[in-house]
Amino acid sequence: MPLIMDSDTDDRASSSKTKTKLFGRERELHAVFGGGKVADIVLWKNTRLSGSILAAATVVWILFEVVEYNFLTLLCHISIATMLAIFIWCNAAPLFNRPPPKIPEVILSESQFKEAALVFHGKLHAFITILYNIAKGEDLKYFLLAIASLWLLSVVGTYFSSISLLYSVFLCIQIIPLMYERYEDEVEYFAKKGRRDLKKLYKKVDSNFLGKIPRAEVKDKKSK
């Protein structure tokens, strides 16, 4: 028992001395998430906006999962309510010397639409590139990890609906970064300790099983 206590103390001391963060992170967590409005929402810097988004997502989940609202019916009801609100606003605006709403210019701004499309294209290209590099099998560890993760996700998908799964992911995005920022030292300690244990386990599996599997070398063909 004293040996375990000493090893834990040494691990805490070594982890406090090292400056390397989890996953090799060197920047602050706010900067990792972009340092803008998205980071403020995820880390609850803007409490009112983050709470409003969480409440809206919760309402949507309740409507579809608890009340079992049909998507087409909900879409039609929202459209009817929006059209009535715009009708009243546009017709009542002259009475109060207010201009009518310019919704098309705000929602369908060409510059913002192009910027969003470029950002989406860049993220999608990076994601597909990562999947392609893993699928080539150059690193067997990441290949097996991706297969296991996809299989686990497929199993989870059989027990939860898509909307519940998306809502669970959204909750994780809203809660986990905030908890990590508040308890960063404790999370870093347990994460590094768990990573060392996983590396030891992988070395044993690799030496006893994976290293004995024959596989061909993957070479990129040079385009002539």
To check you understand the geometry: which heavy-atom pair defines the closest contact between L178 and L43, and what is its length?
CD1-O, 3.6 Å
Results of side chain to side chain contact (heavy atoms under 4.5 Å, CB included) for I147 - residues two or more places apart only
F143
Is it possible for you to say whether I86 and M83 belong to one hydrophobic cluster, with membership spreading through side-chain heavy-atom contacts below 4.5 Å?
no
Apart from L84 itself, its cluster of hydrophobic side chains linked below 4.5 Å comprises I80
Listed partners of L124 passing side chain to side chain contact (heavy atoms under 4.5 Å, CB included), at least two apart:
F120, I128
For the hydrophobic clusters of this structure (ILVMFWY residues joined by side-chain heavy atoms under 4.5 Å, transitively), does one cluster hold both L152 and L198?
no
Listing request: all salt bridge (Lys or Arg N to Asp or Glu O under 4.0 Å) pairs with a residue in residues 167-181, at least two apart in sequence or in separate chains.
K45-E181
Taking all atoms of both residues into account, what is the closest heavy-atom pair of V42 and I173, and its distance?
CG1-O, 3.5 Å
How far does OG1 of T158 sit from CG of L153, to the nearest 0.5 angstrom?
10.0 Å
Side-chain heavy atoms under 4.5 angstrom apart, residues restricted to Ile, Leu, Val, Met, Phe, Trp, Tyr: same cluster for V67 and L75?
yes
Residues joined to F127 in its hydrophobic cluster, side chain to side chain under 4.5 Å directly or through other members, sorted by chain and number, are L131
Can a donor-acceptor pair be found, under 3.5 Å and without considering hydrogens, that links the side chain of S50 to the backbone of T47?
no
For Q174 and W44 the tightest heavy-atom approach is O-NE1, 2.9 Å
Output side-chain donor-acceptor pairs under 3.5 Å for residues 54-65, partner residues at least two apart or in another chain, one line each.
{"residue": "T58", "atom": "OG1", "partner": "L54", "partner atom": "O", "Å": "2.7"}
{"residue": "T58", "atom": "OG1", "partner": "Y167", "partner atom": "OH", "Å": "2.8"}
{"residue": "W61", "atom": "NE1", "partner": "S164", "partner atom": "OG", "Å": "3.3"}
{"residue": "E65", "atom": "OE1", "partner": "S161", "partner atom": "OG", "Å": "3.2"}
{"residue": "E65", "atom": "OE1", "partner": "S164", "partner atom": "OG", "Å": "3.3"}
{"residue": "E65", "atom": "OE2", "partner": "S161", "partner atom": "OG", "Å": "2.8"}

Using side chain to side chain contact (heavy atoms under 4.5 Å, CB included) as the criterion, list what pairs up with S154, not counting sequence neighbours.
W151
Partner residues of K141 under the side chain to side chain contact (heavy atoms under 4.5 Å, CB included) criterion, sequence neighbours left out
D139, Y202
Cluster membership besides I88, Ile/Leu/Val/Met/Phe/Trp/Tyr side chains within less than 4.5 angstrom, sorted by chain and number, is F87
P177 and C172 have their tightest heavy-atom pair at CD-O, 3.4 Å
Mind checking whether I53 and I41 have side chains closer than 4.5 Å, heavy atoms only?
yes
With the 4.5 Å side-chain cut-off for hydrophobic clustering, are Y69 and L72 part of the same group?
no
Please enumerate all residues that pass side chain to side chain donor-acceptor pair (under 3.5 Å) together with Y142, with sequence neighbours excluded.
none
Please say yes or no: joined through hydrophobic side-chain contacts below 4.5 Å, possibly via intermediate residues, are I176 and V156 part of one cluster?
no
Rounded to the nearest 0.5 angstrom, the CD1-NE2 distance for I130 and H125 is 11.0 Å
